[in-house]
2 protein chains.
Amino acid sequence: MAYRILCVEDNPEIGKLLSEQLINAGHACDWVTDGEAALTALYRDTTGPRYDLVMLDLMLPRMDGLEVCRRLRRRDSLTPVLMVTAKAATRDVVEGLEIGADDYVTKPFQLPILLARVQALLRRGQQRASGDDDIGGTPPLVCGPLVIDTDQHRVELDGEPVQLTGKEFALLSLFARHPGHSFCRGELLDRVWGEEFNGYDHTVNTHINRLRNKIEADPARPRFIETVWGVGYRFTSRCDAASPDAGVGGESP
Amino acid sequence: MAYRILCVEDNPEIGKLLSEQLINAGHACDWVTDGEAALTALYRDTTGPRYDLVMLDLMLPRMDGLEVCRRLRRRDSLTPVLMVTAKAATRDVVEGLEIGADDYVTKPFQLPILLARVQALLRRGQQRASGDDDIGGTPPLVCGPLVIDTDQHRVELDGEPVQLTGKEFALLSLFARHPGHSFCRGELLDRVWGEEFNGYDHTVNTHINRLRNKIEADPARPRFIETVWGVGYRFTSRCDAASPDAGVGGESP
DNA sequence: TCGTCACGTGATGATTTCGTGATGAATTGC
DNA sequence: GCAATTCATCACGAAATCATCACGTGACGA
């Protein structure tokens, strides 16, 4: 799938090579040659992040790459930054990473490695980007036997499709994006129903109940959605208890 | 900021070095020495993701590091993986990243760089957990073998989850946030039960008792929650007092 | 118009947690 | 040593919390 990448590189040979390769890999790549142009490009659109990844050289005309990164991070801590530079000293690498880079590659680089690192960053960044309202292009979320495709609004359990209603799907995908986090009922109402909804907390119970009946082998002993007493509910990524003796009424406290 | 890290490394020198350094940096680090143990540790019976980061050597006994990563990714696309290995060939790096690693460091490594990369991954992973919304953000509280995660409303002892009730959890996390401080019963009632509660002081006793039964190996000789005679209770300040045998360490009998 | 479906609410029974009293053990002060 | 506190531990009923079912409503399409 196509991602938007900003390449900041003053060396024309390297810049040309990189943008060609990135476009070749199927991405949309803009290439600028100095720090101020980089910031301009990054902030051109205020409605959302303009790029899914920034490749940043450090020694740049008009504004240092570190400074670009610093300013970017001041406004946007999400867009992944990959520093590509000749500065290979230990303290340079550490400084770059501490300022907010997500990865750091020193020149001369192996092109395949650089591209693989780009892919890894895009993959990771994309998962993060899937907020509560899902935009297209998000890869499915895999949680053990559960596959949740927010894009297609589809859920599979052990390869079998599961039919969920709107609220059930919204609940499950919220849970799956925050495995382990304990949500209280009010929080769930806010995030799934919307803050303007004012109904009863125990509406959540009913929906959790219906959801469990669809995805749990034994709804009384839920494997995915646990009850946190006095708090709310929590999604589990306890994937290993796949099927050894699921459903057998053994009592092992 | 304390995070939970799993270090998979069969070389005892490097494993020791890494886990020491990570603990030194304030994290909770478990160290295993082969691939199967890694998977076991990752998917031990538990709720939620067990670790915030996995450091993975590739050449391992019993199961290849790549295979570990592959299997992990089959069930969990979120936990960040940092490969640390001597395999430095371009195709190795590319393969590792493609399989699902988020970063790849070759041996011999510069320790400061490695630690900076760990920090960068944790930072990114934390945002991933919080996403565009503001969920999460509170790293777990680590007191030696005790890990208290307010976010997930979860407690681990020596890596094993401990089931606590609401009051028990509130008590323990209050204690853990003030190690060494002696709380009298009235103070505990005020801060855990609320000032409007008017019950008996010795209600606290019962809850401390129940709590000890769950987290102390020998409740009669408490390691965490000490009794201060005539005053109240105190959480041990020697948080690093790991249990002698059930530690994070490798397999040194 | 009717049937179907998703959803919210109420009611009921089951489960878990909580507070209290009672009793025995540990500690302190004399 | 001995009495007086103070604490640990256990059991039990009350209260809080949760699971489950049934029903009514409104939306939507046949």
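Residue numbering restarts at 1 for every chain, and letters A, B, ... go by the order of the sequence lines.
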Trainee: Round to the nearest Å and state the distance from A:Glu196 atom CD to C:dG8 atom P.
Mentor: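 Result: 12 Å.
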Trainee: Round to the nearest Å and state the distance from A:Glu226 atom CD to D:dC18 atom C1'.
Mentor: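 Answer to the nearest Å: 15 Å.
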Trainee: Please classify the nucleic acid contact of A:Tyr233 as base, sugar-phosphate, or nothing, using heavy-atom distances under 4.0 Å.
Mentor: sugar-phosphate
Trainee: Looking only at side chains, do A:Tyr233 and A:Arg185 share a donor and an acceptor under 3.5 Å apart?
Mentor: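 A pair is found: one side chain offers a donor N or O, the other an acceptor, under 3.5 Å apart.
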Trainee: Go through C:dC7, C:dG19, D:dA8 for me and flag the one nearest to the A:Trp193 side chain.
Mentor: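 Of C:dC7, C:dG19, D:dA8, C:dC7 is nearest to the side chain of A:Trp193.
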Trainee: Side-chain donor-acceptor pair under 3.5 Å between B:Arg212 and B:Thr227, yes or no?
Mentor: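 Judged by distance alone, the side chains do pair up.
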Trainee: Expressed as a whole number of angstroms, how long is the span from A:Leu211:CG to D:dA19:P?
Mentor: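 Distance, rounded to whole Å: 12 Å.
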Trainee: Rounded off to whole Å, could you give me the NZ-to-P distance for the A:Lys167 and C:dC5 pair?
Mentor: 18 Å
Trainee: Is it true that B:Arg123 and B:Asp102 have a side-chain N and a carboxylate O under 4.0 angstrom from each other?
Mentor: no
Trainee: Which of the following nucleotides, D:dA8, D:dC18, C:dG8, is nearest to the side chain of A:Trp229?
Mentor: D:dC18
Trainee: Rounded to the nearest Å, what distance is computed from the CD atom of residue B:Glu168 to the C1' atom of nucleotide C:dT17?
Mentor: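 Whole-Å distance recorded here is 9 Å.
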Trainee: Looking only at side-chain atoms of B:His207, point me to the closest of C:dG19, D:dT6, D:dT17.
Mentor: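 My answer, after comparing the listed nucleotides, is C:dG19.
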Trainee: Got a sec: does the NZ of B:Lys214 have more than 12 other heavy atoms crowding it under 6.0 Å?
Mentor: yes
Trainee: In whole angstrom, what separates A:Asn209's CG from C:dA14's P?
Mentor: 16 Å
Trainee: So, OP1 or OP2 of D:dC7: does either fall under 4.0 Å of a side-chain N or O from B:Arg185?
Mentor: yes
Trainee: Hey, does the side chain of B:Thr227 come within less than 4.0 Å of D:dA8's phosphate (OP1/OP2), counting only N and O?
Mentor: yes
Trainee: Could you tell me the separation between the CD1 atom of A:Ile208 and the P atom of C:dC7, rounded to a whole number of Å?
Mentor: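 About 13 Å, once rounded to whole Å.
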Trainee: Rounded to whole angstroms, how far apart are CG on A:Asp218 and P on D:dT20?
Mentor: 9 Å
Trainee: Calculate, to the nearest 0.5 Å, the distance between atoms CD and CD1 belonging to A:Glu156 and A:Ile148 respectively.
Mentor: 11.0 Å
Trainee: Using only side-chain N and O atoms of A:Arg210, determine if any of them is under 4.0 Å from OP1 or OP2 of C:dC7.
Mentor: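 Answer no for this pair, as no side-chain N or O of A:Arg210 is under 4.0 Å from OP1 or OP2.
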Trainee: On DNA chain C, check which nucleotide each of B:Leu164 and A:Tyr200 is closest to and give me the residue with the more 5' one.
Mentor: A:Tyr200
Trainee: Please evaluate the base of C:dG10 for a donor-acceptor partner in the side chain of A:His202 within a cut-off of under 3.5 Å?
Mentor: yes
Trainee: Indicate whether OP1 or OP2 belonging to D:dC18 is found under 4.0 Å from a side-chain N or O atom of A:Asn205.
Mentor: no
Trainee: Go through D:dA8, C:dT17, D:dC10 for me and flag the one nearest to the B:Thr206 side chain.
Mentor: D:dC10
Trainee: B:Thr165 has a side chain; which of D:dC7, C:dC7, C:dC18 sits nearest to it?
Mentor: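 Closest nucleotide to the B:Thr165 side chain: C:dC18.
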